[in-house]
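Here is the structure we will look at.
Just so we're on the same page: letters track the sequence lines, and every chain starts at 1.
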Amino acid sequence: MGTAFPAPPRDEAELMMRATALAGRTLGYVAGQHVVAIPRDLRRAKGWPGQLLEIALGATASSRPIPDFPHLGIELKSLPVSARGRPVESTYVCTAPLSPDALGRWEDSWVRHKLARVLWIPLLGDGSPAERVVGTPVIWSPTEEEEALLRADWEAIASLVAMGELWQLRSQRGKALQVRPKGASRESTTWALDDGAQWVQDMARGFYLRPSFTGAILARELLLPE
DNA sequence: CTTTGATCATAC
DNA sequence: GTATGATCAAAG
(Lines give C-alpha, C1' and ligand atoms only; values in the text may rest on other atoms or scores of the structure.)
Protein backbone atom coordinates (compact mmCIF):
# COMPACT_ATOMS: atom_id res chain seq x y z
CA MET A 1 0.00 0.00 0.00
CA GLY A 2 1.20 3.50 -0.76
CA THR A 3 1.48 6.39 1.59
CA ALA A 4 -1.87 7.93 2.41
CA PHE A 5 -0.58 11.48 2.00
CA PRO A 6 2.77 11.71 0.22
CA ALA A 7 4.98 14.72 0.98
CA PRO A 8 5.22 17.42 -1.68
CA PRO A 9 7.71 16.65 -4.44
CA ARG A 10 11.10 18.32 -4.01
CA ASP A 11 11.32 19.61 -7.53
CA GLU A 12 9.75 19.37 -10.94
CA ALA A 13 11.74 16.26 -11.82
CA GLU A 14 10.43 14.39 -8.80
CA LEU A 15 6.90 15.50 -9.58
CA MET A 16 7.25 14.18 -13.13
CA MET A 17 8.66 10.90 -11.83
CA ARG A 18 5.59 10.45 -9.66
CA ALA A 19 3.21 11.45 -12.42
CA THR A 20 4.88 9.09 -14.88
CA ALA A 21 4.63 6.27 -12.36
CA LEU A 22 0.85 6.76 -12.29
CA ALA A 23 0.49 6.46 -16.06
CA GLY A 24 -1.37 3.30 -17.00
CA ARG A 25 -2.90 2.91 -13.54
CA THR A 26 -6.62 3.06 -12.99
CA LEU A 27 -8.06 5.67 -10.65
CA GLY A 28 -9.37 2.75 -8.63
CA TYR A 29 -5.83 1.54 -8.08
CA VAL A 30 -4.59 5.02 -7.19
CA ALA A 31 -7.48 5.50 -4.76
CA GLY A 32 -6.59 2.20 -3.10
CA GLN A 33 -2.99 3.30 -2.69
CA HIS A 34 -4.08 6.36 -0.76
CA VAL A 35 -7.10 4.95 1.04
CA VAL A 36 -9.50 7.24 -0.80
CA ALA A 37 -13.17 6.28 -1.18
CA ILE A 38 -14.36 5.81 -4.76
CA PRO A 39 -17.67 7.37 -5.90
CA ARG A 40 -19.97 5.19 -8.04
CA ASP A 41 -20.18 8.00 -10.61
CA LEU A 42 -19.10 11.62 -10.90
CA ARG A 43 -22.52 13.22 -10.86
CA ARG A 44 -22.10 14.11 -7.22
CA ALA A 45 -18.32 14.00 -7.17
CA LYS A 46 -17.28 16.10 -10.14
CA GLY A 47 -13.96 17.13 -8.65
CA TRP A 48 -12.97 13.66 -7.48
CA PRO A 49 -10.41 12.76 -10.17
CA GLY A 50 -8.53 16.02 -9.67
CA GLN A 51 -8.58 15.78 -5.92
CA LEU A 52 -7.35 12.19 -6.01
CA LEU A 53 -4.42 13.19 -8.21
CA GLU A 54 -3.60 16.04 -5.85
CA ILE A 55 -3.29 13.55 -3.01
CA ALA A 56 -1.34 11.02 -5.05
CA LEU A 57 1.19 13.61 -6.22
CA GLY A 58 1.59 15.46 -2.93
CA ALA A 59 -0.12 18.74 -3.83
CA THR A 60 -0.64 21.08 -0.89
CA ALA A 61 -2.55 24.14 -2.06
CA SER A 62 -5.96 22.61 -1.34
CA SER A 63 -8.63 25.23 -1.96
CA ARG A 64 -6.31 28.21 -1.64
CA PRO A 65 -5.91 30.57 -4.62
CA ILE A 66 -2.31 29.53 -5.30
CA PRO A 67 -0.66 26.89 -7.49
CA ASP A 68 -1.13 23.28 -6.42
CA PHE A 69 2.61 23.03 -5.87
CA PRO A 70 3.37 26.51 -4.50
CA HIS A 71 7.12 25.96 -4.06
CA LEU A 72 7.38 24.79 -7.68
CA GLY A 73 4.93 27.28 -9.17
CA ILE A 74 3.14 24.39 -10.90
CA GLU A 75 -0.59 23.99 -11.40
CA LEU A 76 -2.07 20.49 -11.66
CA LYS A 77 -4.89 19.88 -14.13
CA SER A 78 -6.58 16.59 -14.88
CA LEU A 79 -7.94 16.46 -18.41
CA PRO A 80 -10.53 13.89 -19.48
CA VAL A 81 -9.77 12.70 -23.01
CA SER A 82 -11.35 10.41 -25.59
CA ALA A 83 -9.75 7.23 -26.86
CA ARG A 84 -8.08 9.34 -29.53
CA GLY A 85 -6.64 11.69 -26.96
CA ARG A 86 -8.99 14.59 -27.58
CA PRO A 87 -10.23 16.53 -24.53
CA VAL A 88 -13.89 15.87 -23.88
CA GLU A 89 -14.38 18.86 -21.57
CA SER A 90 -13.21 22.41 -21.20
CA THR A 91 -10.73 23.20 -18.43
CA TYR A 92 -11.59 25.53 -15.58
CA VAL A 93 -8.83 28.06 -14.92
CA CYS A 94 -10.02 30.49 -12.27
CA THR A 95 -12.75 32.85 -11.20
CA ALA A 96 -13.43 35.80 -13.50
CA PRO A 97 -13.58 39.04 -11.48
CA LEU A 98 -16.21 41.41 -12.86
CA SER A 99 -14.61 44.69 -11.93
CA PRO A 100 -11.68 46.35 -13.73
CA ASP A 101 -9.62 46.73 -10.55
CA ALA A 102 -9.93 43.08 -9.65
CA LEU A 103 -9.12 41.98 -13.20
CA GLY A 104 -5.98 44.10 -13.38
CA ARG A 105 -3.61 43.80 -16.29
CA TRP A 106 -2.78 40.69 -18.29
CA GLU A 107 0.76 40.67 -16.97
CA ASP A 108 -0.37 40.09 -13.42
CA SER A 109 -3.65 38.34 -14.10
CA TRP A 110 -4.69 35.14 -12.38
CA VAL A 111 -5.08 33.47 -15.74
CA ARG A 112 -1.51 34.17 -16.81
CA HIS A 113 -0.04 33.16 -13.46
CA LYS A 114 -2.07 29.97 -13.24
CA LEU A 115 -1.13 28.88 -16.72
CA ALA A 116 2.56 29.80 -16.46
CA ARG A 117 3.42 26.16 -15.76
CA VAL A 118 0.87 23.34 -15.80
CA LEU A 119 1.12 19.61 -15.26
CA TRP A 120 -1.57 18.06 -17.47
CA ILE A 121 -2.70 14.58 -16.54
CA PRO A 122 -4.90 13.03 -19.24
CA LEU A 123 -7.58 10.68 -17.97
CA LEU A 124 -8.97 8.04 -20.31
CA GLY A 125 -12.31 6.34 -20.22
CA ASP A 126 -15.86 7.47 -19.63
CA GLY A 127 -17.13 4.64 -17.50
CA SER A 128 -17.04 4.29 -13.75
CA PRO A 129 -14.51 6.53 -11.97
CA ALA A 130 -12.53 3.54 -10.70
CA GLU A 131 -12.00 2.23 -14.23
CA ARG A 132 -10.65 5.45 -15.69
CA VAL A 133 -6.98 5.26 -16.61
CA VAL A 134 -4.22 7.79 -15.98
CA GLY A 135 -2.46 8.86 -19.18
CA THR A 136 1.00 10.17 -19.96
CA PRO A 137 1.69 13.41 -18.05
CA VAL A 138 2.61 16.59 -19.88
CA ILE A 139 4.46 19.49 -18.26
CA TRP A 140 3.72 22.66 -20.18
CA SER A 141 4.29 26.39 -20.37
CA PRO A 142 2.59 28.47 -23.05
CA THR A 143 4.53 29.01 -26.25
CA GLU A 144 4.72 32.58 -27.54
CA GLU A 145 1.85 31.82 -29.89
CA GLU A 146 -0.27 30.30 -27.14
CA GLU A 147 0.38 33.18 -24.79
CA ALA A 148 -0.54 35.66 -27.52
CA LEU A 149 -3.79 33.78 -28.13
CA LEU A 150 -4.64 33.71 -24.44
CA ARG A 151 -3.73 37.34 -24.02
CA ALA A 152 -5.90 38.47 -26.93
CA ASP A 153 -8.91 36.57 -25.58
CA TRP A 154 -8.29 37.80 -22.05
CA GLU A 155 -7.95 41.44 -23.13
CA ALA A 156 -11.14 41.31 -25.17
CA ILE A 157 -12.96 40.04 -22.11
CA ALA A 158 -11.21 42.55 -19.85
CA SER A 159 -12.28 45.44 -22.04
CA LEU A 160 -15.92 44.39 -21.74
CA VAL A 161 -15.53 44.26 -17.99
CA ALA A 162 -13.81 47.65 -18.05
CA MET A 163 -16.83 49.13 -19.84
CA GLY A 164 -19.23 47.34 -17.54
CA GLU A 165 -20.87 45.60 -20.49
CA LEU A 166 -21.60 42.51 -18.46
CA TRP A 167 -24.35 41.28 -20.79
CA GLN A 168 -21.72 40.87 -23.51
CA LEU A 169 -19.79 38.28 -21.52
CA ARG A 170 -20.87 35.33 -23.63
CA SER A 171 -19.38 31.88 -23.83
CA GLN A 172 -18.92 32.13 -27.58
CA ARG A 173 -16.21 34.75 -27.17
CA GLY A 174 -12.60 33.68 -27.22
CA LYS A 175 -10.67 31.28 -29.43
CA ALA A 176 -8.82 29.64 -26.55
CA LEU A 177 -10.10 31.28 -23.38
CA GLN A 178 -13.79 31.72 -22.65
CA VAL A 179 -15.95 33.01 -19.81
CA ARG A 180 -18.75 30.78 -18.53
CA PRO A 181 -20.97 30.55 -15.47
CA LYS A 182 -19.17 29.25 -12.42
CA GLY A 183 -21.13 28.63 -9.29
CA ALA A 184 -23.36 26.32 -7.34
CA SER A 185 -26.32 27.30 -9.54
CA ARG A 186 -27.53 30.03 -11.84
CA GLU A 187 -28.39 31.96 -8.71
CA SER A 188 -24.72 32.20 -7.77
CA THR A 189 -23.71 35.84 -8.04
CA THR A 190 -20.75 38.07 -7.46
CA TRP A 191 -20.24 41.83 -7.29
CA ALA A 192 -19.78 43.54 -10.62
CA LEU A 193 -19.37 47.07 -11.87
CA ASP A 194 -21.98 47.86 -14.52
CA ASP A 195 -21.90 50.33 -17.42
CA GLY A 196 -23.21 53.04 -15.13
CA ALA A 197 -20.31 52.44 -12.73
CA GLN A 198 -22.73 51.02 -10.16
CA TRP A 199 -22.02 47.95 -8.08
CA VAL A 200 -24.50 45.22 -8.92
CA GLN A 201 -24.90 41.49 -8.39
CA ASP A 202 -24.23 39.48 -11.54
CA MET A 203 -23.87 35.81 -12.37
CA ALA A 204 -20.61 34.41 -11.06
CA ARG A 205 -18.33 33.41 -13.91
CA GLY A 206 -15.04 31.69 -14.46
CA PHE A 207 -12.36 31.47 -17.13
CA TYR A 208 -12.18 28.19 -19.05
CA LEU A 209 -9.85 26.82 -21.73
CA ARG A 210 -11.56 25.43 -24.81
CA PRO A 211 -10.99 21.75 -25.66
CA SER A 212 -9.41 22.73 -28.98
CA PHE A 213 -6.71 24.65 -27.12
CA THR A 214 -5.85 21.93 -24.60
CA GLY A 215 -6.16 19.33 -27.36
CA ALA A 216 -3.50 21.09 -29.40
CA ILE A 217 -1.17 21.06 -26.40
CA LEU A 218 -1.59 17.32 -25.89
CA ALA A 219 -1.26 16.62 -29.61
CA ARG A 220 2.03 18.49 -29.77
CA GLU A 221 3.54 17.22 -26.55
CA LEU A 222 2.46 13.62 -27.02
CA LEU A 223 2.92 13.62 -30.81
CA LEU A 224 -0.69 12.63 -31.34
CA PRO A 225 -2.33 13.02 -34.76
CA GLU A 226 -4.61 16.05 -34.61
C1' DC B 1 -20.77 15.60 -32.07
C1' DT B 2 -19.82 20.11 -30.00
C1' DT B 3 -20.89 23.90 -27.19
C1' DT B 4 -23.22 26.38 -23.67
C1' DG B 5 -25.53 27.03 -19.53
C1' DA B 6 -26.21 24.73 -15.20
C1' DT B 7 -24.70 22.22 -11.47
C1' DC B 8 -22.22 19.28 -7.43
C1' DA B 9 -18.91 18.81 -3.29
C1' DT B 10 -16.03 21.05 -0.08
C1' DA B 11 -13.10 24.61 2.77
C1' DC B 12 -13.22 28.86 4.84
C1' DG C 1 -19.89 34.69 -1.16
C1' DT C 2 -15.19 33.23 -2.95
C1' DA C 3 -12.19 30.02 -3.79
C1' DT C 4 -10.75 25.12 -5.00
C1' DG C 5 -11.71 20.57 -7.70
C1' DA C 6 -14.51 20.00 -12.18
C1' DT C 7 -18.48 17.35 -15.08
C1' DC C 8 -23.37 17.15 -16.20
C1' DA C 9 -26.91 17.53 -19.40
C1' DA C 10 -29.65 20.17 -22.47
C1' DA C 11 -29.32 22.72 -26.60
C1' DG C 12 -27.50 23.66 -31.11
Among [options], the nucleotide that comes nearest once only the side chain of [X] is considered:
X	options	result
A:Arg210	C:dA3, B:dT3, B:dT7	B:dT3
A:Lys182	B:dA6, C:dG5, C:dA9	C:dG5
A:Ser185	B:dT7, C:dG5, C:dA3	B:dT7
A:Arg180	C:dA3, B:dG5, C:dT4	B:dG5
A:Ser171	B:dG5, C:dA3, B:dA6	B:dG5
A:Trp191	B:dA9, C:dT2, C:dT4	C:dT2
A:Arg43	B:dA6, C:dC8, B:dT4	C:dC8

For [X] and [N], is the shortest distance between a side-chain N/O and OP1 or OP2 below 4.0 Å?
X	N	answer
A:Tyr92	C:dT4	yes
A:Lys46	B:dT10	no
A:Ser78	C:dG5	no

Students often get this wrong, so: under 4.0 angstrom with heavy atoms, is [X] touching a base, only sugar-phosphate, or nothing?
X	result
A:Ser90	base
A:Gly47	base
A:Glu75	sugar-phosphate

Legend entry - Qualifying residue for salt bridge (charged side-chain N to carboxylate O under 4.0 Å, His left out) with A:Arg112, from A:Glu107, A:Glu155, A:Glu147: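 With A:Arg112 as partner, salt bridge (charged side-chain N to carboxylate O under 4.0 Å, His left out) holds for just one option, A:Glu147.
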
Please state how far atom [atom1] in [X] lies from atom [atom2] in [N], giving the value in whole angstrom units.
X	N	atom1	atom2	value
A:Arg44	B:dA6	CZ	P	18 Å
A:Leu42	B:dT7	CG	P	19 Å
A:Ile55	B:dT10	CD1	C1'	12 Å
A:Arg173	B:dT3	CZ	C1'	16 Å
A:Gln178	B:dA6	CD	P	14 Å
A:Arg170	C:dA11	CZ	C1'	13 Å
A:Gln51	B:dT10	CD	P	9 Å
A:Met203	B:dT4	CE	P	15 Å

Inset, instruction - Between A:Leu79 and A:Ile66, just flag the one whose closest nucleotide in DNA chain C comes earlier from the 5' side. - result: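 Looking at the nearest nucleotide for each, A:Ile66 comes out on the 5' side.
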
Legend entry - Residue closer to the 5' end of DNA chain C, A:Pro80 versus A:Thr190 (nearest nucleotide):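 Per heavy-atom nearest nucleotide, the more 5' residue is A:Thr190.
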
Legend entry - is_close_aromatic(A:Trp191, A:Trp199), centroid dist under 6.0 Å: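 No.
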
Inset, instruction - Kindly work out whether a path of hydrophobic side-chain contacts (I/L/V/M/F/W/Y, heavy atoms less than 4.5 Å apart) joins A:Val111 to A:Val118. - result: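 Both belong to a single hydrophobic cluster.
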
Inset, instruction - Evaluate the criterion salt bridge (Lys or Arg N to Asp or Glu O under 4.0 Å) for residue pair A:Glu89 and A:Arg210; output intermediate values, then yes/no. - result: CA-CA 8 Å; A:Glu89 286 290 352; A:Arg210 291 186 179 277; over 6 Å; no

Legend entry - A:Arg151 with A:Glu144: basic N within carboxylate O range, under 4.0 Å: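 Looking at A:Arg151 and A:Glu144, the cut-off is not met.
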
Legend entry - Presence of donor-acceptor pair under 3.5 Å, side chain of A:Tyr208 and base of C:dA6: yes

Legend entry - Residue mapping more 5' on DNA chain B - nearest nucleotide basis, A:Ala184 or A:Val88: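 Whichever sits nearer the 5' end wins; that is A:Val88.
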
Legend entry - Quiz item: cation-pi between A:Lys175 and A:Phe213, 6.0 Å / 45°: no

